[in-house]
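Structure first, then comments.
Any value given below was found using the heavy atoms of this structure, including those in side chains, with hydrogens, waters and symmetry copies removed. The model shown is predicted, which means the values in this text are computed figures rather than measured ones.
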Amino acid sequence: MDEAPLRAVVIGSGVGGAAAALLLAHAGIPTLLVEKERRLGGSSAAYERDGFRVDTATHMLGCGEQGPLGDVLRRVGQGDAITFRQSDEPAALCFAGARAGAARARRVVLQADLLRLAGTALDLARGLDLTPLEAAGAARLFAHAAAMRDVDLAACDDVTAEAYVAGFIPRAAAAARLGGLLGLPLLLPGTEASAGEALFSLRRLARAGRQRYPEGGASRIPEVFCRLARELGAAVWTGATVRRVVVRDRRVQGVELEDGTALPARIVVSAAGLLRTVSGLVGEPHFPEAYVARVRAIAPQPRPVEVKIGLRRRLVPAGALAGLAGGAGAAALPFYCLAPTRFDPSLAPPGHELLCACAVPGGSGGASRGGSGATVDELLRALSVAVPGVLSQAIFVDRSPADGGGEACAAGGALASGTAQTPGQVGRARPAVYTPVRGLYLAGRAAGGRGAGMDLAASSAMECVDRILVDLGRDLGAPAPPALVAIAGDLLGRAAGSTVSWLTRPR
């Protein structure tokens with residue numbers, strides 16, 4: 001590997017790795033993507049069962065073509081390559097068992113209509129069991145969050161979601177419940193999720209309007225990215241496990257596969273996770289001690305508790321449900337349930353429905369990085385209240401492997417390769433997409449980017465490839481200057497936002 005060509009090897013075919021391979025190929029760099037599994041997608045893969053096409057992980061609804069996933073496609077001139085569908089039913093919040101003895105969930109439909117926002121806010125306050133004074137504090141919180149500038153959001157990066165809520169609603173139980181909802185997009189308890197990152201993710205989703213899901217399922221995204229990369233000359237290998245990244249004098253030389261195949265390369269992009277890349281694929285002696293210490297100290301993204309349920313008939317009155325289970329003295333359990341068939345009925349046999357649900361690890365009182373967190377049984381109980389009849393109508397219930405499940409989360413371990421979006425690990429403190437080893441870069445949920453889920457992975461990939469091109473001396477080009485009307489509108493919007501943000505700030 002002494003004469004490594006200017007070739008890039010991308011490790012992993014999840015959204016981050018697939019997007020990085022596509023963007024590198026589009027930049028004219030000979031690229032090879034290697035995936036250890038026989039199928040593409042990583043945590044965004046899918047499997048077939050009883051006529052259903054099931055996501056291996058539970059994906060939060062994203063911005064679709066209006067967000068980072070669409071940005072990747074537009075960069076390569078393929079903005080319409082993936083169809084993102086919208087559900088006719090708006091998303092809803094569910095408060096399952098908020099009161100002792102409750103057999104049905106209290107549901108709050110999230111209306112995009114401005115004329116109905118007041119009623120939605122009132123329903124939300126009731127669902128959270130807020131007093132009138134606390135409801136006013138919650139209203140001030142929402143106004144403050146909506147008016148925040150990016151700099152204001154960054155100031156909340158090192159504050160937990162629950163602590164942020166406590167600035168508006170001092171009562172601990174109420175702050176814990178609303179903080180749990182804010183942390184849900186990051187799949188972290190409110191006591192651990194970064195308020196700035198959570199608010200950024202929610203604001204991005206709100207601005208996109210109705211949420212979107214890819215036609216054909218979540219696996220469609222990495223599959224299309226890889227197909228487009230091939231069309232641009234990239235190679236995609238499956239069933240190819242990387243044994244090590246070869247480094248000499250802190251300079252990448254290439255990678256070596258488990259079967260002994262040597263692949264010379266001057267650029268290696270790893271979507272396998274930060275710790276696995278540094279300690280496993282490369283080896284800690286190749287990095288400065290301070291960098292290794294930082295990597296070891298980073299808290300990984302915990303794996304959520306998940307179930308996948310195939311139903312004989314449609315039961316969910318929304319494209320997605322999010323909410324809290326528990327209450328009346330019990331710790332709240334944040335949960336999320338996506339009904340992909342509400343967006344694409346072809347993912348199940350005619351008239352059937354597919355549910356992909358998850359609960360935040362540690363959401364029922366255990367620590368997310370150890371201890372007794374939420375269990376599949378707790379999640380199923382919450383779903384039974386939120387969606388009456390869900391278990392009696394189930395054709396199958398695939399549980400997460402930790403609870404004796406099979407393929408439902410077979411690729412979900414990739415989620416553990418991410419970096420938890422906690423204070424001290426987001427924004428400027430998030431691990432960089434470049435490393436001290438020349439030619440070694442990171443993409444996916446482990447480094448760079450902002451947001452949640454697949455949007456985060458795509459954002460990271462764009463940041464990663466931009467950095468590679470800059471390091472190669474490429475000119476990324478200057479963005480087109482905005483029109484005077486846009487500048488004036490932006491200034492007025494910032495002034496108004498700053499005023500509202502100041503008026504509604506925590507007391």
**Report entry** E162: salt bridge (Lys or Arg N to Asp or Glu O under 4.0 Å) partners, not counting sequence neighbours
**Finding:** none

Query raised in the report: Donor-acceptor pair, Q425 side chain versus A420 backbone, under 3.5 Å?
Result: yes

Query raised in the report: Does A359 offer a backbone N or O that forms a donor-acceptor pair with the side chain of E378 under 3.5 Å?
Result: no

Query raised in the report: Are R450 and F200 in a cation-pi contact, defined as NZ or CZ under 6.0 Å from the six-membered ring centre and within 45° of the axis?
Result: yes

Query raised in the report: When you look at R220 and E215, which way does the side-chain contact (heavy atoms from CB on, under 4.5 Å) test go after all the steps?
Result: CA-CA 7 Å; R220 180 76 175 152; E215 182 179 277; over 6 Å; no

Report task. Please test V305 against R399 for side-chain contact (heavy atoms from CB on, under 4.5 Å), starting from the C-alpha separation and ending with a verdict. Result -> CA-CA 8 Å; V305 174; R399 305 158 71 97; over 6 Å; no

Query - Contact summary for C356 and P340, nearest pair of heavy atoms - result: SG-CG, 4.0 Å

Query - All ring-ring contact (aromatic ring centres under 6.0 Å, His included) counterparts of Y336, not counting sequence neighbours - result: none

Query raised in the report: For residues 451-462, which residue pairs qualify under side chain to side chain donor-acceptor pair (under 3.5 Å), counting only residues two or more places apart or in two chains?
Result: none

Query - From L354, L338, L355, residue fulfilling side-chain contact (heavy atoms from CB on, under 4.5 Å) relative to V316 - result: L355

Report task. Indicate yes or no: at least one non-hydrogen side-chain atom of S194 is less than 4.5 angstrom from one of P423. Result -> yes

Requested in this report: Please name all residues satisfying ring-ring contact (aromatic ring centres under 6.0 Å, His included) with F84, sequence neighbours left out, ordered by chain then number.
Outcome: none

Query - Nearest-0.5 Å distance that lies between atom CG in L128 and atom CG in L181 - result: 6.0 Å

Query - Pairwise distance CZ(R177) to CG(L182) - rounded to 0.5 angstrom - result: 13.0 Å

Query - S44 and P222, any side-chain heavy atoms less than 4.5 Å apart - result: yes

Query - Full working for side chain to side chain donor-acceptor pair (under 3.5 Å) between D55 and Y47 - result: CA-CA 7 Å; D55 293 339; Y47 65 96; over 6 Å; no

Query - Distance-only side-chain donor-acceptor flag, T375 / D377, under 3.5 Å - result: no

Query raised in the report: Is there a donor-acceptor pair under 3.5 Å between the side chain of E463 and the backbone N or O of G449?
Result: yes

Report task. Test E306 against T58 for side chain to side chain donor-acceptor pair (under 3.5 Å), laying out the working first. Result -> CA-CA 7 Å; E306 298 187 76; T58 302; 2.8 Å; yes

Query raised in the report: Where the side chain of T56 meets the backbone of A45, is there a donor-acceptor pair that is under 3.5 Å apart?
Result: yes

Report task. State the CG-CG distance between L40 and L33, to the nearest 0.5 angstrom. Result -> 7.5 Å

Query raised in the report: Mind checking whether R227 and V236 have side chains closer than 4.5 Å, heavy atoms only?
Result: no

Query - V165 vs L141 side-chain heavy atoms within contact, under 4.5 Å - result: yes

Query - side-chain contact (heavy atoms from CB on, under 4.5 Å) evaluation trace for L228 with L22 - result: CA-CA 7 Å; L228 295 175; L22 172 58; 3.6 Å; yes

**Report entry** side chain to side chain contact (heavy atoms under 4.5 Å, CB included) partners for A136, two or more places apart
**Finding:** none

Report task. Scan side-chain atoms only and decide if R445 and S43 contain a donor-acceptor pair under the 3.5 Å cut-off. Result -> yes

Query - Considering all heavy atoms, the nearest S384-V390 contact - result: CA-CG1, 3.8 Å

Report task. With sequence neighbours excluded, tell me which residues meet salt bridge (Lys or Arg N to Asp or Glu O under 4.0 Å) with R312. Result -> none

Query - Contact check, side chains of L442 and V269, non-hydrogen atoms, under 4.5 Å - result: no

Query raised in the report: Looking at residues at least two apart in the chain, or sitting in another chain, which of them share a salt bridge (Lys or Arg N to Asp or Glu O under 4.0 Å) with R53?
Result: E48, E223

Query raised in the report: Using a distance-only test with no angle check, is there a side-chain donor-acceptor pair under 3.5 angstrom linking E192 and T422?
Result: no

Report summary line: Sorted by chain and residue number, the salt bridge (Lys or Arg N to Asp or Glu O under 4.0 Å) partners of E353 (sequence neighbours excluded) come out as R342

Query - Any donor-acceptor pair under 3.5 Å from D344 side chain to G216 backbone - result: yes

Requested in this report: Write down the atom of G319, the atom of F343, and the distance for their closest heavy-atom approach.
Outcome: O-CE1, 3.6 Å

Query raised in the report: Roughly how far, to the nearest 0.5 Å, is CG of L130 from CZ of R171?
Result: 7.0 Å

Query raised in the report: Does any non-hydrogen side-chain atom of I298 lie less than 4.5 Å from one of L275?
Result: no

Report task. Test I309 against L383 for side-chain contact (heavy atoms from CB on, under 4.5 Å), laying out the working first. Result -> CA-CA 11 Å; I309 305 175; L383 291 175; 4.1 Å; yes

Requested in this report: Starting at CZ of F335, measure out to CG of L321 and round the result to the nearest 0.5 Å.
Outcome: 7.0 Å

Report task. Please name all residues satisfying side chain to side chain contact (heavy atoms under 4.5 Å, CB included) with D71, sequence neighbours left out, ordered by chain then number. Result -> R74, M462

Requested in this report: Considering non-hydrogen atoms only, spot the tightest contact between G448 and R430 and give its length.
Outcome: O-NE, 2.8 Å

Report task. Look only at the side chain of E197 and the backbone of G451, and say whether a donor-acceptor pair between them is shorter than 3.5 Å. Result -> yes

Requested in this report: Give a yes or no on whether the ring-centroid distance for H144 and F168 is below 6.0 angstrom.
Outcome: yes

Query raised in the report: Under 4.5 Å between any side-chain heavy atoms of S13 and T238, yes or no?
Result: no

Query - Over 12 foreign heavy atoms within 6.0 Å of CG, L391 - result: yes

Report task. Taking the side chain as every heavy atom from C-beta outward, state whether M454 and H59 have any atom pair closer than 4.5 Å. Result -> yes

Requested in this report: Return the set of residues passing side chain to side chain contact (heavy atoms under 4.5 Å, CB included) with A348 (not counting sequence neighbours), or none when no residue passes.
Outcome: F52, T341, H352

Query - Residues forming a side chain to side chain contact (heavy atoms under 4.5 Å, CB included) with P170, sequence neighbours excluded - result: none

Query raised in the report: Does any N or O in the side chain of E37 come within less than 3.5 Å of the main-chain N or O of R39, such that one atom is a donor and the other an acceptor?
Result: no

Query raised in the report: How long is the gap from CZ on R49 to CZ on F396, to the nearest 0.5 Å?
Result: 5.5 Å

Query raised in the report: Excluding sequence neighbours, so at least two apart, what forms side chain to side chain donor-acceptor pair (under 3.5 Å) with E65?
Result: R212

